[in-house]
Amino acid sequence: MAVPIEEAIAALSTFSLEDDQPEVQGPGFWVSAEGGATISPIEYSDVAAYRLSLSEDTKAINQLNTLIQEGKEMGSVLYTYRSCVKALPQLPDSMKQSQADLYLETYQVLDLEMSRLREIQRWQASAASKLAADMQRFSRPERRINGPTVTHLWSMLKLLDVLIQLDHLKNAKASIPNDFSWYKRTFTQVSVQWQDTDSMREELDDLQIFLSTRWAILLNLHVEMFRVNNVEDILQVLIVFIVESLELNFALLFPERHTLLRVLPVLVVLAASSEKDSESLYKRVKINRLMNIFKNDPVVPAFPDLHLSPAAILKELSTYFPKFSAQTRLLTLPAPHELPLREAQEYPFSVSDL
């Protein structure tokens, strides 16, 4: 039977903690530089021993952390993707009779690369569904009292950040649609001799929609999140947590701070899905606070040679979320290429990377 956390804390307060007590075991000398309040090296496997009512939360946190690690591996695959088409041979006119063989070999080479993109497509759909389900757990009335722990909030934000970075990489990689067009062309040629290609064509069409649609991962996450009502509450909790963490400098390390800055504009757009929701959001977080954060950090690094602009994200997503387009004050924030020359020189980046 699980012991309520309040009773466990009250029991601990009865322990004697006088000074100069003898130490049964000497002090440890090993210090971890990577551990933190939001990281458990043993994946919270010791929670069951304390009989606390945290098993459901720790199980969800472990699941989110596993997805975060998998997402980083997917990001590495996408970031290191290079075009294969330029390396493919072209037959001279004297060898046109071997064109069919060349199409088949080209298809086999490109199919290996496209299989990696299919894996990313399937993973992002699964990750978005699990993240949305985890957020929806806290939309239930009995879970709104205490809400998610700080560790749980960080896991949600980090997974959302991974999805945003994958979406940004997919949008920035011009070589991917170029390779896919060749792949689809060779598939049309070689599939003439095959049978029962309907499922393959359907999978090909789904991959084409995924690769050609900007912010496809974010749009899919929006659909998954709003399958139930009241998910706006947890979105507002996340936004308040980010704003307070940035204003009070709770995020001391740059990777943590950049994670919050990348996620904040997306959460603002998702939370402002209707006029009523946006009104309740701006009652909890004044719009001036959001504008000050975005003005102080107009450019946020995503990868070594890729950057994100919160203002540019807000403006671009406003075309996909018409109800958010009514927030004219946020949309007046200058994008990086609209900054004054003196301010822009402080942020060395290429506008084409945004």
Side-chain angles (χ1 to χ4, degrees), residues 68 70-85 110 113-114 116-128 131 157-184 204-225 258-259 261-270 294 297-322 324-325 330-331 333-338 347 349-354:
I68 292 169
E70 293 174 354
K72 290 180 178 179
E73 296 175 0
M74 298 292 176
S76 298
V77 172
L78 203 55
Y79 180 73
T80 56
Y81 186 92
R82 296 297 181 268
S83 177
C84 300
V85 173
L110 292 178
E113 300 299 323
M114 292 300 114
R116 299 174 182 174
L117 298 179
R118 290 194 195 96
E119 184 179 359
I120 294 175
Q121 180 189 13
R122 288 190 289 266
W123 178 87
Q124 64 83 26
S126 174
L131 177 59
L157 294 173
K158 288 178 180 179
L159 180 55
L160 180 57
D161 181 47
V162 169
L163 293 172
I164 293 173
Q165 292 188 66
L166 281 177
D167 227 354
H168 181 58
L169 274 175
K170 181 180 68 66
N171 296 340
K173 286 285 184 178
S175 58
I176 292 180
N178 190 28
D179 282 7
F180 179 81
S181 63
W182 274 82
Y183 175 71
K184 188 174 183 180
L204 194 65
D205 292 339
D206 291 341
L207 182 61
Q208 182 177 14
I209 294 173
F210 172 71
L211 296 177
S212 60
T213 304
R214 291 185 65 84
W215 302 107
I217 298 177
L218 180 59
L219 294 175
N220 177 58
L221 176 62
H222 176 261
V223 172
E224 293 290 340
M225 289 174 56
H258 293 157
T259 295
L261 290 170
R262 285 190 294 263
V263 171
L264 181 57
V266 174
L267 285 174
V268 171
V269 173
L270 293 175
F294 295 145
D297 293 276
V299 179
V300 184
F303 289 92
D305 57 346
L306 289 175
H307 300 76
L308 286 172
S309 166
I313 291 177
L314 292 172
K315 292 181 179 180
E316 184 173 357
L317 291 181
S318 64
T319 60
Y320 298 93
F321 299 87
F324 174 74
S325 61
L330 286 174
L331 297 179
L333 288 167
H337 63 279
E338 299 171 344
Y347 300 92
F349 61 89
S350 173
V351 175
S352 61
D353 289 339
L354 299 177

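Position 1 is the first residue of the sequence, and the numbers go up from there. The figures that follow rest on heavy atoms only: side chains count, while hydrogens, waters and symmetry mates do not.
Residues passing the side chain to side chain donor-acceptor pair (under 3.5 Å) test with Glu113, sequence neighbours excluded: Arg116. With sequence neighbours excluded, the residues that form a side-chain contact (heavy atoms from CB on, under 4.5 Å) with Glu316 are Arg214, Trp215, Tyr320. By the ring pair (Phe, Tyr, Trp, His ring centres under 6.0 Å) test, Tyr81 pairs with no residue at all, sequence neighbours left out. With sequence neighbours excluded, the residues that form a side-chain contact (heavy atoms from CB on, under 4.5 Å) with Pro301 are His258, His307. The side chain to side chain donor-acceptor pair (under 3.5 Å) check on Gln208 picks up Lys184, with sequence neighbours excluded. Residues satisfying the salt bridge (charged side-chain N to carboxylate O under 4.0 Å, His left out) criterion with Arg122, sequence neighbours excluded, are absent altogether.
A distance of 10.0 Å separates CD1 of Ile217 from CD1 of Ile164, quoted to the nearest 0.5 Å. Note: Thr259 OG1 to Leu264 CG = 12.5 Å, rounded to the nearest 0.5 Å. From Leu78, atom CG reaches atom CD1 of Ile120 across 4.5 Å, with rounding to the nearest 0.5 Å. To the nearest 0.5 Å, atom CG of residue Leu160 and atom CG of residue Leu267 are 5.5 Å apart.
Side chain of Thr319 to main chain of Lys315: no donor-acceptor pair is present (N/O by atom type, distance under 3.5 Å, no hydrogens or angles). Counting only distance, with no hydrogens or angles, the side chain of Asn171 and the backbone of Asp167 share a donor-acceptor pair below 3.5 Å. In this structure a side-chain-to-backbone donor-acceptor pair under 3.5 Å is present from Lys170 to Phe210. The closest donor-acceptor contact from the side chain of Asp161 to the backbone of Val263 lies at 3.5 Å or more, if one exists at all. The backbone N or O of Gln121 lies less than 3.5 Å from a partner atom in the side chain of Gln124, making a donor-acceptor pair. Panel note: side chain Ser181, backbone Asn178; a donor-acceptor pair is recorded below 3.5 Å.
For Arg118 against Leu207, the heavy-atom pair with the smallest separation is CG-CD2, 3.9 Å. Across every non-hydrogen atom of Ala302 and His168, the tightest pair is CB-CD2, 4.4 Å. Of all heavy-atom pairs spanning Leu261 and Pro310, the tightest one is O-CG, 4.2 Å. Residues Ala172 and Leu306 share a closest heavy-atom pair of CB-CD2, 4.2 Å.
A heavy-atom distance below 4.5 Å is found between the side chains of Met74 and Glu119. Within the 4.5 Å cutoff, side-chain heavy atoms of Asp179 are placed close to those of Met114. Counting heavy atoms from C-beta on, the side chains of Leu221 and Val266 never come closer than 4.5 Å. For the pair Leu163/Leu131, a side-chain contact is recorded, criterion being any heavy-atom separation below 4.5 Å from C-beta on. Using a 4.5 Å heavy-atom threshold, the side chains of Val300 and Ser309 count as separate. Side-chain contact between Pro177 and Leu211: absent, with no pair of heavy atoms (C-beta onward) separated by less than 4.5 Å. Side-chain contact between Leu314 and Val269 is present, with heavy atoms from C-beta onward closer than 4.5 Å. Between Phe180 and Val85, the closest side-chain pair of non-hydrogen atoms is not below 4.5 Å.
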Check: Checking ring-ring contact (aromatic ring centres under 6.0 Å, His included) for the pair Phe321/His222: CA distance, chi angles, key distance, verdict?
Finding: CA-CA 10 Å; Phe321 299 87; His222 176 261; 4.9 Å; yes
Next item on the list: Decide yes or no on side chain to side chain contact (heavy atoms under 4.5 Å, CB included) for Lys158 and Val162, but give the supporting numbers first.
Entry: CA-CA 6 Å; Lys158 288 178 180 179; Val162 169; 5.7 Å; no
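Trp123 CH2: more than 12 foreign heavy atoms inside a 6.0 Å radius.
A side-chain donor from one of Asp305 and Tyr79 sits under 3.5 Å from a side-chain acceptor of the other.
Among Leu270, Leu317, Ile313, the one residue that satisfies the side chain to side chain contact (heavy atoms under 4.5 Å, CB included) test with Pro265 is Ile313.
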